[in-house]
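Below you'll find the structure, written out as structure tokens, and then a few comments.
Remember, it's 1-based here, ligands and their atoms both numbered in the order they're listed.
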Amino acid sequence: MDEKTTKAVGIDIGGTSIKMGLVTGRGEVLATSKVSTGALDSDGAFAKVCEGVHALAEQGGIDAGKLDAIGLDVPGVVLEDGTLTMAPNITLDLAGLTTTLREAYPQASLAVLNDANAAALGEAWLGSGNARGGTVMVTLGTGVGAGVVIGGNVIAGAHGAAGEIGHLNVEPEETETCNCGCRGCLEQYASARGLIRLYREECEADGAEPVAIAHATDALAVFEAARGGNTQAVRACERLGHYLARALAAVAVTVDPDAFVVGGGMSGGWDTFARACLAHYREVAVSACKDTPIRPASLGNDAGFLGAARRALLSL
Ligand code: BGC
């Protein structure tokens with residue numbers, strides 16, 4: 001493929017928004033867009049995704065009918081044949097969406113993958129995840145996931161669930177059920193909703209009035225409060241850091257990566273939980289892996305669509 005002229009669209013479906021990017025084979029981003037996510041299980045919703053692809057292509061000055069590839073990533077477990085077997089935080093008819101995309105863009109090669117795996121691929125391609133041995137990129141957002149990249153390839157696993165660290169048990173005492181059906185999952189503490197919950201718990205324990213939280217995933221309000229020195233917010237962010245460290249220590253003895261990269265929308269608050277995470281990781285990780293670096297991702301919210309586009313481009 002001619003990397004300069006090849007064009008792909010990456011569609012990153014998150015729990016709260018759909019981010020799209022028009023990308024060349026060399027990774028140059030020609031146009032981007034973002035819309036909020038609703039239920040993706042009707043012809044009307046699928047048509048909106050196609051409208052988004054058309055608008056994006058137009059914005060980038062190309063005909064959508066000439067796109068070479070489309071990469072679609074979704075917040076759930078996807079098998080190699082594109083079947084979605086689990087999606088705890090979204091209403092999604094993946095088969096319907098991919099059929100619509102195939103019909104609308106028959107000339108384009110379509111790839112479908114997990115969102116955290118896409119973000120990891122994106123970081124490995126153009127960001128901070130390009131390690132020789134392996135990188136585990138953790139995505140903290142509406143949900144929590146990870147992509148395990150070894151030698152430039154994402155390991156999907158026998159059931160598509162490699163890297164599903166959002167559903168790693170980090171709290172055996174938990175009484176509430178995670179959206180996946182289990183209890184004590186990392187996602188219950190390190191997702192946007194999870195952090196807000198930890199914060200509310202801290203406020204309740206202290207009898208303190210919580211700061212204004214605009215919506216169910218407004219983790220930014222807690223990060224801002226922590227930065228301003230709000231005691232309960234500081235403690236909630238520290239608890240998030242501890243839980244994350246516990247999960248990373250378990251992953252370290254399974255994969256032993258060169259580095260952990262922390263991305264996703266919640267990594268915008270890295271400054272508020274990094275210290276607790278790094279310190280606790282050193283306490284609980286096995287000695288051989290104690291010095292494994294844990295660093296923030298560098299592509300921000302673009303990692304997902306870039307990785308999705310990359311996967312589609314690689315299939316050309
Ligand atoms: C899902 C993962 C996904 C992650 C991030 C988790 O709840 O199980 O498949 O990668 O959220 O969206």
Would you tabulate the side-chain donor-acceptor contacts of residues 113-121 under 3.5 Å, counting partners in other chains and residues two or more places apart, or write 'none'?
residue : atom : partner : partner atom : Å
Asn114  : OD1  : Ala116  : N            : 2.9
Asn114  : OD1  : Asn117  : N            : 3.0
Asn114  : ND2  : Gly76   : O            : 2.8

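Open room surrounds NZ on Lys66; 12 or fewer heavy atoms of other groups in view lie less than 6.0 Å from it. By the 6.0 Å contact criterion, CZ on Arg227 is enclosed, its count of non-hydrogen atoms from other residues, nucleotides or ligands being greater than 12.
The aromatic rings of His280 and His242 lie parallel to each other, their planes meeting at an angle below 30°, with 60° marking the opposite boundary.
Protein residues having a heavy atom under 4.0 Å from any atom of ligand 1 are Pro75, Gly76, Val77, Met86, Pro88, Asn89, Asn114, Asp115, Ala116, Gly143, Val144, Gly145, Glu164, His167, Glu187, listed by chain and number.
Minimum heavy-atom separation, Pro88 to His167: CG-NE2, 3.7 Å. Residues Leu306 and Gly27 share a closest heavy-atom pair of CD2-O, 4.4 Å.
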